[in-house]
Amino acid sequence: MTTIDCSAYSTQLLALAARLPRVPRADLYGFLEAAKGLSGELPGELGDALDKFNTNGSVDGHLVLSGLPVEDEGALPATPTSTPAPEDRPLLTMEAMLAIFGRRLGLHTGYQELRSGTVFHDVYPSPGAHHLSSETSETLLEFHTEMAYHVLQPNYVMLACSRADHERRAATLVASVRNALPLLAATTRAHLYERPIPCAVDVAFRGGVDDIGTIAAVKPFYGPESDPFLGYDRELLTPRDSRDVAAVADLSNALDKITEAVYLTPGDVLIVDNFRTTHARTPFSPRWDGHDRWLHRVYIRTERNGQLSGGERAGDVVAFTPRR
C-alpha cells in the first residue's frame, strides 16, 4: 500500500480550499473549473505523486493520502440520511480535497441513473439498503470493479473520509490485477483475456425492474496483454460455460489472496485505479446517532479506454450504455 502523509501540507491545502466557491452545487461546472486551476498549485511532492499514479498506476492499484485537513467532529453536520445532498449545502473540506485532487487526475463525472445524476456522493449507512448498495453496513459489500459493465466506466473511484465508523472496523478492501496475475496459471490468464462473460448490472441501472438479467458482457482481462486491465464483480459476473466458471473461480481465489485492507479515518482520501482493481467493504455497526460513518465519493474519467471523445467537461452527467 502506498500512503502519503499530507499533514505537513495542511496549511497550504486549507488555503487552496478557501479559494473555491463556498456552495459547490450552485454552479458545479464553475466550481470544478476553479478546482482545476488550484490543482496546478498543489505542493510539489503531492502533485508529483498524483501525476505519477495517473501515468503509471501502481502495483497495488491504489493510493492513500492521509493527514489531510478536515473539520473537527463538533463542526461537522450530522451524517446524512438521504441523497442527494441539498444544493445549498456549504462546501466541506473533504469535498474540496476531492475536487482539487480529482481535477489533477481528470474529469469528475456523474452517472444519470445513479444518485439522481449527482457528481459528489455522500456515502453513509442506510437501514434496509439493498445488498449491492454502498449504503449497506452490517453485511459485506462484495468485490466489484465499479461499473465494470458500463461503457463509460470511471478510471478512478475516489473516497474521502469526514467521519469514521464508531468502532473503526470498516475496511475498504482492494485487490489489484497486477498482484493477482502471478498467482494464475498461464492457461487461465489466456482464457480470460478478451473473453466476454455475461454480467448483470447494479440496481440503479435496471430501469426499475427487479431483475433484467445479464444485459452486459464484461471481459475479466483486456487491454495490454502483458499488463491487462481488470473487469470483475463477484455478485454480478455470471459465467455459464464450465471453463469460464473455473477460470473466474481461479481469479476470485487469487484476488482474495492478495487483498489489502484500508481503514479510512477522518482526513484520508483513497484513490482506486478502477481499471486494474476490484474493491469491497467489510461490515460495521451503525448506531443511527448522527455520527455514523460518512464518506464522500466521486468518479473520475480520463482519456484511457475511450472514456472521452472530445469536448467533455468536469461535471458532465452521462447516460448508461452496457458493455457488450
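In this chain, numbering begins with 1 at the start of the sequence shown.
- Transitive grouping of hydrophobic side chains (ILVMFWY, heavy atoms separated by less than 4.5 Å) keeps Y156 and L230 in distinct clusters.
- Nearest heavy atom pair, residue V119 against residue G315, reads CG2-O, 3.9 Å.
- Inter-residue side-chain proximity for H166 and S285 is flagged as unmet; no heavy-atom pair is nearer than 4.5 Å.
- Using modelled atom types, no side-chain atom of D233 and backbone atom of L237 make a donor-acceptor pair closer than 3.5 Å.
- Applying the side chain to side chain donor-acceptor pair (under 3.5 Å) rule to E167 yields the partners R287; only residues at least two apart in sequence or on another chain are considered.
- E87 CD: 12 or fewer foreign heavy atoms inside a 6.0 Å radius.
- Panel note: side chain R301, backbone P154; no donor-acceptor pair is recorded below 3.5 Å.
- With no hydrogens or angles considered, no side-chain donor-acceptor pair links H150 and T321 at under 3.5 Å.
- T214 and R240 share a side-chain donor-acceptor pair at under 3.5 Å.
- A salt bridge links R25 to E95: at least one charged side-chain nitrogen sits closer than 4.0 Å to a carboxylate oxygen.
- Both V272 and L295 are members of a single hydrophobic cluster when ILVMFWY side chains are connected at heavy-atom separations under 4.5 Å.
- The pair D60-R276 fails the salt-bridge criterion, with no side-chain N (NZ, NE, NH1 or NH2) lying under 4.0 Å from an Asp/Glu carboxylate O.
- Note that CG of L50 is 11.0 Å distant from CD1 of I100, once rounded to the nearest 0.5 Å.
- E146 and H144 share a donor-acceptor pair across their side chains, judged by distance under 3.5 Å alone.
- Separating the CE atom in M158 from the OH atom in Y299 is a distance of 13.0 Å, to the nearest 0.5 Å.
- One hydrophobic cluster, built from ILVMFWY side chains closer than 4.5 Å, holds both V218 and V201.
- Residue F31 is not grouped with residue L107 when hydrophobic side chains (ILVMFWY) are merged at heavy-atom distances under 4.5 angstrom, including chains of intermediate members.
- A cation-pi arrangement is found for R313 relative to Y29, the charged atom lying closer than 6.0 Å to the ring centre and inside a 45° cone about the ring normal.
- Note that CG of L13 and CG of L46 are 6.0 Å apart. Values are rounded to the nearest 0.5 Å.
- Side-chain contact between T282 and L173: present, with at least one pair of heavy atoms (C-beta onward) separated by less than 4.5 Å.
- Side-chain contact check for L16 versus E41: some heavy-atom pair is nearer than 4.5 Å.
- Distance check: I258 CD1 to N253 CG gives 11.5 Å after rounding to the nearest 0.5 Å.
- Open room surrounds CD on E33; 12 or fewer heavy atoms of other groups in view lie less than 6.0 Å from it.
- Judged by the 6.0 Å distance and 45° axis criteria, R293 is positioned over the aromatic ring of F284.
- If you check the side chains of Y232 and S252, you find a donor sitting under 3.5 Å from an acceptor.
- Here the CG-CD distance, from D5 to E45, works out to 9.5 Å after rounding to the nearest 0.5 Å.
- By the 4.5 Å side-chain criterion applied to Ile, Leu, Val, Met, Phe, Trp and Tyr, L76 is assigned to a cluster that also includes L92, W294.
- Judged purely by distance below 3.5 Å, without hydrogens or angles, the side chains of D268 and T265 pair a donor atom with an acceptor atom.
- Between N305 and Y222, the closest side-chain pair of non-hydrogen atoms falls below 4.5 Å.
- Sorted by first and then second residue, the pairs that involve residues 178-193 and meet salt bridge (Lys or Arg N to Asp or Glu O under 4.0 Å), not counting sequence neighbours, are R178-D227.
- For the 3.5 Å distance criterion, the side chains of R323 and Q153 qualify, holding a donor opposite an acceptor.
- Classified by interplanar angle (parallel below 30°, tilted 30° to 60°, perpendicular above 60°), the ring pair F229/F275 is tilted.
- For the residue pair D316 / H108, no side-chain donor-acceptor distance below 3.5 Å is found, with atom types taken as modelled.
- Two residues are said to be in side-chain contact when any heavy atoms from C-beta on lie closer than 4.5 Å; M94 and S162 meet this criterion.
- To the nearest 0.5 Å, atoms CZ (F53) and CG (D48) are separated by 15.0 Å.
- More than 12 heavy atoms of other shown residues, nucleotides or ligands fall within 6.0 angstrom of atom CD in E194.
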